[in-house]
Protein chains: 2
Amino acid sequence: MKKRLNKELVIRLIKYRRILNQLKSLGFERVFSNNLGDAIGVAPALVRKDFSLLFLGGNKRGGYNIDYLSEKLDAILGKAQNQKIIIMGMGKIGTALAQYKGFVQGGFEVAAGFDIDVSLPREVSIPVLPPEKMQDFVRENNIRVAVLTVPEDSAALCVKMLKEAGIQGILNFTPVEIKSTPTCFVHNINIAVEIENLFFQVIKNGAPPEDWETELPDEEGIWEEEEAENS
Amino acid sequence: MKKRLNKELVIRLIKYRRILNQLKSLGFERVFSNNLGDAIGVAPALVRKDFSLLFLGGNKRGGYNIDYLSEKLDAILGKAQNQKIIIMGMGKIGTALAQYKGFVQGGFEVAAGFDIDVSLPREVSIPVLPPEKMQDFVRENNIRVAVLTVPEDSAALCVKMLKEAGIQGILNFTPVEIKSTPTCFVHNINIAVEIENLFFQVIKNGAPPEDWETELPDEEGIWEEEEAENS
DNA sequence: ATTATATTGTGAAATACGGAACAACAAATG
DNA sequence: CATTTGTTGTTCCGTATTTCACAATATAAT
Ligand SMILES: NC(=O)c1ccc[n+]([C@@H]2O[C@H](COP(=O)([O-])OP(=O)(O)OC[C@H]3O[C@@H](n4cnc5c(N)ncnc54)[C@H](O)[C@@H]3O)[C@@H](O)[C@H]2O)c1
Ligand SMILES: NC(=O)c1ccc[n+]([C@@H]2O[C@H](COP(=O)([O-])OP(=O)(O)OC[C@H]3O[C@@H](n4cnc5c(N)ncnc54)[C@H](O)[C@@H]3O)[C@@H](O)[C@H]2O)c1
């Protein structure tokens, strides 16, 4: 049976798994939909719906079995076993990511970084190589996912290189909006835009949780003269 | 007239504005919906719908006037004029953000960083202060937005402190899922989860653009025994 | 054993959202 | 001036997703 797993659902599943692993290491055995909902910030009903959709059953009173759920989620999401990523652009952000120790918990690690300037001192435990070596490295180590942290100007070129090397997933921190293709899935994180968004939410008032009511000019009124000016 | 601006729409508006400013500095005067759509990765029809919703008019043949649009977007989004943010947790990521020069283009800058360890050498041009000084700093400088880059363990405490200081917007890089409240809007960025998502998209095949078909067990078959095991 | 209680599972309703299509119309062309 | 062309503005539509509400039911309590 085929099911469509949309992106938001996948993200939730990954978060469920993460929480379940934490609970497991704390010795818990069962969990309720409202616990999981609280932990990842969604309504309990949605948690149940998600599991129901995947045929993951719980107990009418005792909640869900953590081992069972986590096992099933691994089967659905693909158990992250020794997976490796590379970082293209070992500048400020790239280096910070390379030094981060929290990725192991997610079942993956950074295998190497690439930069046009290999000579800079960087306190990282991974090799930092010139971009020319990227393609061979990717093929020899079967790398499929890359993080892109080069300057904006180099983004397009680097994406081209990564795709040619066979990279199938890119996490892009560059302000350039990179589009996914059938062979390469791209997720863009634009930190500056996120902060501008915070300013908007805040400026417009006391920052609501989801959306907001904004005062807009009427069609008549200010708008009319503006339209004249615009034409 | 009140309009609901949903989150995705606001993000698009911010991106439009960003592109418009770039085009303006290149000397362009007019732009078409498909140009903007390409630039931010959405369909042209959606661009027109967005502008239509906001009563931003174009010319039936000559497209949209860039100056006009960018002016109106500033009015709607709030012109980011000398806005300031703080960074709580000047470790690897926090320091990288503090050193980033690209924020000025978005109309804001980092005013200060806070860390329990002020003695570490950090090559940043902003002051790095102990957390005790945060509340006064926020009030004196009228800071409303903060970035949270402390260790996971300290996240909840720091959120509490930030809220008490009057912070109304938080960009959270911590793996802890922080919930928005009526007085404080939070956006969570979980890099590890995003990378796990890339692995999922990639593992399941050649990485499709939006969603994916996943093989799931039937209700009968494997599932039955699993349900027994689960109960 | 019976009753009470808490929690799941799910169908239906509500919403939100984006896409396609096309009429309206301004500009260009001849 | 008439015609062609290209782009906007808007309506309609389908679909995806979330919430609501409550029946079903497993466990706990007495
Ligand atoms: N640092 C931040 O806080 C921050 C915030 C938001 C967005 N960004 C974006 O992230 C990207 C990286 O930012 P940063 O601050 O780390 O910049 P950075 O200048 O510190 O690092 C960029 C690195 O990429 C290397 N590089 C340049 N061209 C390259 C190429 N063709 N191939 C491989 N490596 C190349 C440079 O040598 C440098 O080490 C930028 O696009 C920036 O806009 C950064
Ligand atoms: N570095 C990464 O690439 C990365 C990636 C994903 C997520 N994160 C998350 O971002 C956060 C920061 O990561 P990092 O790598 O920069 O960690 P880090 O340890 O380098 O930095 C954390 C900083 O916070 C300071 N700190 C600790 N407790 C504090 C408190 N109560 N108040 C103020 N400051 C305090 C520490 O002194 C340290 O300087 C972590 O939660 C991490 O999980 C980081």
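First the proteins, then the strands, lettered A, B, ... as listed; each starts at 1. Just so you know, these numbers use all the heavy atoms, side chains as well, and skip hydrogens, waters and symmetry mates.
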>> Under 4.0 Å from OP1 or OP2 of C:dT7: is there any side-chain N or O of A:N34 that close?
In response: no
> From C:dA6, C:dG19, D:dG9, pick the nucleotide closest to the side chain of B:S52?
Replying inline: D:dG9
> OP1, OP2 of C:dC17 versus side-chain N and O of B:N6: anything below 4.0 Å?
Replying inline: yes
> Are OP1 or OP2 of D:dT27 and a side-chain N or O of A:R30 less than 4.0 angstrom apart?
Replying inline: no
> Rounded to the nearest Å, what distance is computed from the CG atom of residue B:L53 to the C1' atom of nucleotide C:dA16?
Replying inline: 13 Å
> Given atom CZ of A:R12 and atom C1' of D:dT19, what is their separation to the nearest angstrom?
Replying inline: 12 Å
> How many Å lie between CG on A:N35 and P on C:dA6, as a whole number?
Replying inline: 15 Å
> What is the distance from CZ of A:F32 to C1' of C:dT5, rounded to the nearest Å?
Replying inline: 12 Å
> With a 4.0 Å cut-off, would you call A:E8 and A:R12 a salt bridge?
Replying inline: no
>> Donor-acceptor check, side chain of A:S70 to backbone of A:R17, threshold 3.5 angstrom: yes or no?
In response: no
> What integer distance in Å separates B:L5:CG from C:dT15:P?
Replying inline: 18 Å
> How long is the line joining CG of B:N65 and C1' of D:dT7, in whole Å?
Replying inline: 15 Å
>> Starting the side chain at C-beta, find the nucleotide from C:dA27, D:dT25, C:dT10 nearest to A:K60.
In response: D:dT25
> More 5' along DNA chain D: A:D50 or A:G62, using each one's nearest nucleotide?
Replying inline: A:D50
> What heavy-atom pair brings B:S33 and B:V47 nearest, and what distance separates the two atoms?
Replying inline: O-CG2, 3.6 Å
> Is there a side-chain polar atom (N or O) of A:Y64 under 4.0 Å from OP1 or OP2 of C:dG9?
Replying inline: yes
> Looking only at side chains, do B:N190 and B:E194 share a donor and an acceptor under 3.5 Å apart?
Replying inline: no
> Looking at the side chain of A:K49, which of C:dG9, C:dG19, D:dT18 is the nearest nucleotide?
Replying inline: D:dT18
> Between atom CG in B:L56 and atom P in D:dT7, what is the gap in whole Å?
Replying inline: 20 Å
> Is A:E29 salt-bridged to A:K24, going by a charged N under 4.0 Å from an acidic O?
Replying inline: no
> Could one point to a donor on the side chain of B:R48 or the base of D:dG9 with an acceptor on the other under 3.5 Å away?
Replying inline: yes
> Between the base of C:dA27 and the side chain of B:R61, is there any donor-acceptor pair under 3.5 Å?
Replying inline: yes
> What is the distance from CG of A:N59 to P of D:dA26, rounded to the nearest Å?
Replying inline: 8 Å
